[in-house]
Student: 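The structure follows.
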2 protein chains.
Amino acid sequence: MTPDPLNRLVAQLAKLPGIGEKTAQRLAFHILRSPGEYASELSQAIREVKEKVHLCVRCFSLTDTETCGFCRDHRRDERVLCVVETFADLMALERTREFKGRYHVLHGVLSPLEGVGPDQLRIKELLERLTDSQVEELILATNPDVEGEATALYLTRLLKPMGLRLTRIAQGLPMGGDLEYADQATLAKALSARRDL
Amino acid sequence: MTPDPLNRLVAQLAKLPGIGEKTAQRLAFHILRSPGEYASELSQAIREVKEKVHLCVRCFSLTDTETCGFCRDHRRDERVLCVVETFADLMALERTREFKGRYHVLHGVLSPLEGVGPDQLRIKELLERLTDSQVEELILATNPDVEGEATALYLTRLLKPMGLRLTRIAQGLPMGGDLEYADQATLAKALSARRDL
């Protein structure tokens with residue numbers, strides 16, 4: 001009995017991650033109640049993001065030009081390359097304002113269970129990029145979980161012969177953390193990776 | 001540094017209720033990763049819902065035809081009219097499959113604090129609809145909260161002189177509820193509205 005266009009919108013919204021049937025319905029009602037400009041702006045933004053945003057040909061981050069802003073920025077250090085899983089991870093690193101080198105986005109992690117091997121990631125492109133480059137240090141900034149660790153290990157074995165300095169982002173207690181509530185694996189890592197003062 | 005079309009989409013998505021900056025970003029990445037058809041289908045669904053869905057001229061529910069399916073369905077009982085706040089409430093009632101009468105959607109509740117008076121609701125249209133109609137019973141199905149109660153009271157005073165049977169949906173403990181954890185107001189209502197067995 002509900003109008004078809006409304007059902008179609010609810011069905012499409014419910015495909016988004018973390019959006020269930022009920023939330024999709026609430027969002028659809030909101031769009032319906034909003035001024036017409038909002039619906040057309042949102043609709044256009046969705047179309048344009050697919051049409052205009054693509055991968056940077058060099059580092060595989062997201063861009064609407066041929067090479068991304070990170071690759072074009074000459075103030076960034078060519079000698080340090082940070083390897084991340086996703087563009088979201090890249091953005092998280094950027095927010096720290098701590099890193100002024102270049103990036104390389106793998107677009108995933110090794111995951112045999114999900115059929116993701118080295119060929120599904122941008123590893124071949126990373127190797128190509130490292131030949132004839134000024135890169136001196138490669139920071140492996142994959143997530144500190146099973147698959148991220150496995151990917152970092154794979155890359156370490158693959159790249160060690162190239163004579164680069166390979167580093168891994170530190171693991172330990174998060175800032176503001178509490179030893180009492182830390183999980184065993186984190187605390188064990190914090191202990192074994194202790195620094196001299 | 002993030003591409004403009006992506007920023008625009010995140011900004012538009014973050015305007016949706018319950019969607020913050022982080023969630024908007026996650027949704028935008030999902031749209032970007034999905035096949036092109038999804039983005040164009042979602043984009044079109046948003047445009048169409050605004051273009052095609054409007055209020056039924058009779059009961060003010062949502063429809064993409066002139067009168068809605070509820071008003072056109074001749075099997076529904078013309079003699080019972082259920083007044084609800086929103087189309088979402090109407091759908092909740094429909095899901096029970098208990099009600100086979102007609103609806104009237106007010107599109108809000110009386111709320112002096114938010115500047116919503118009787119003129120902002122579809123009350124005039126309700127009165128027009130009741131003259132020369134076969135309606136014998138009017139069920140006031142506004143929410144059992146302060147504003148819903150006030151709206152029901154206002155409608156009761158307004159419609160009582162018309163000689164209709166006016167009813168209010170029951171209030172009491174919800175099914176599967178627990179006396180121990182019920183709030184005082186609900187329990188008091190359940191007690192005062194007790195039924196003979």
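Residue numbers begin at 1 in each chain, while the letters A, B, ... track the order of the sequences. Given the structure is predicted, the values throughout are model-derived calculations rather than measurements.
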Student: By a 4.5 Å heavy-atom criterion (distance strictly below it), what part of B:F29 contacts chain A: side chain, backbone, both, or neither?
Tutor: side chain
Student: Among A:L13, A:L27, A:L16, which has the most heavy-atom pairs under 4.5 Å with chain B?
Tutor: A:L16
Student: Please check if B:I19 and B:I31 belong to a single hydrophobic cluster, counting links between Ile, Leu, Val, Met, Phe, Trp and Tyr side chain heavy atoms closer than 4.5 Å.
Tutor: yes
Student: Do the side chains of B:L127 and B:L155 join up, straight or via other hydrophobic residues, at under 4.5 Å, putting them in one cluster?
Tutor: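 As far as the 4.5 Å side-chain criterion goes, B:L155 and B:L127 are connected within one cluster.
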Student: For the residue pair A:L6 and B:V53, what are the closest heavy atoms and their distance?
Tutor: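 So the two residues come closest at N-CG2, 4.1 Å.
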Student: Top residue by heavy-atom pair count (under 4.5 Å) with chain B, among A:P3, A:A45, A:A88, A:A28?
Tutor: A:P3
Student: Under a 4.5 Å cutoff for heavy-atom pairs, which residue among A:G18, A:P17, A:G36, A:A39 has the most contacts with chain B?
Tutor: A:P17
Student: Is B:L159 linked to B:V105 within one hydrophobic cluster, defined over Ile, Leu, Val, Met, Phe, Trp and Tyr using a side-chain heavy-atom separation of less than 4.5 Å?
Tutor: no
Student: Note each donor-acceptor pair with a separation under 3.5 Å, taking one atom from chain B and one from chain A.
Tutor:
from, atom 1, to, atom 2, distance (Å)
B:R8, NH2, A:E48, OE1, 3.0
B:Q12, O, A:Y38, OH, 2.6
B:Q12, NE2, A:E41, OE1, 3.2
B:L32, O, A:K50, NZ, 2.7
B:S34, O, A:K50, NZ, 2.4
B:Y38, OH, A:Q12, O, 2.6
B:E41, OE1, A:Q12, NE2, 3.2
B:S43, O, A:S43, OG, 2.9
B:S43, OG, A:S43, O, 2.9
B:S43, OG, A:S43, OG, 2.9
B:S43, OG, A:R47, NH1, 3.4
B:R47, NH1, A:S43, OG, 3.4
B:E48, OE1, A:R8, NH2, 3.0
B:K50, NZ, A:L32, O, 2.7
B:K50, NZ, A:S34, O, 2.4

Student: Consider only side-chain heavy atoms of I, L, V, M, F, W and Y, link residues closer than 4.5 Å, and tell whether B:L93 and B:L138 are in one cluster.
Tutor: no
Student: For B:L90, is it the side chain, the backbone, both, or neither that has a heavy atom closer than 4.5 Å to a heavy atom of chain A?
Tutor: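 Neither part, no heavy atoms under 4.5 Å.
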Student: State which residues pass side chain to side chain contact (heavy atoms under 4.5 Å, CB included) with B:L179; sequence neighbours excluded, sorted by chain then number.
Tutor: B:L173, B:L187
Student: Rounded to the nearest 0.5 Å, how far apart are CG of A:L42 and CD1 of B:I46?
Tutor: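 Going from CG on A:L42 over to CD1 on B:I46, the span is 4.0 Å.
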Student: Given the rule that I, L, V, M, F, W and Y join up when any side-chain heavy atoms are under 4.5 Å apart, are A:V83 and A:I123 in one cluster?
Tutor: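 Yes, A:V83 connects to A:I123 through the hydrophobic network.
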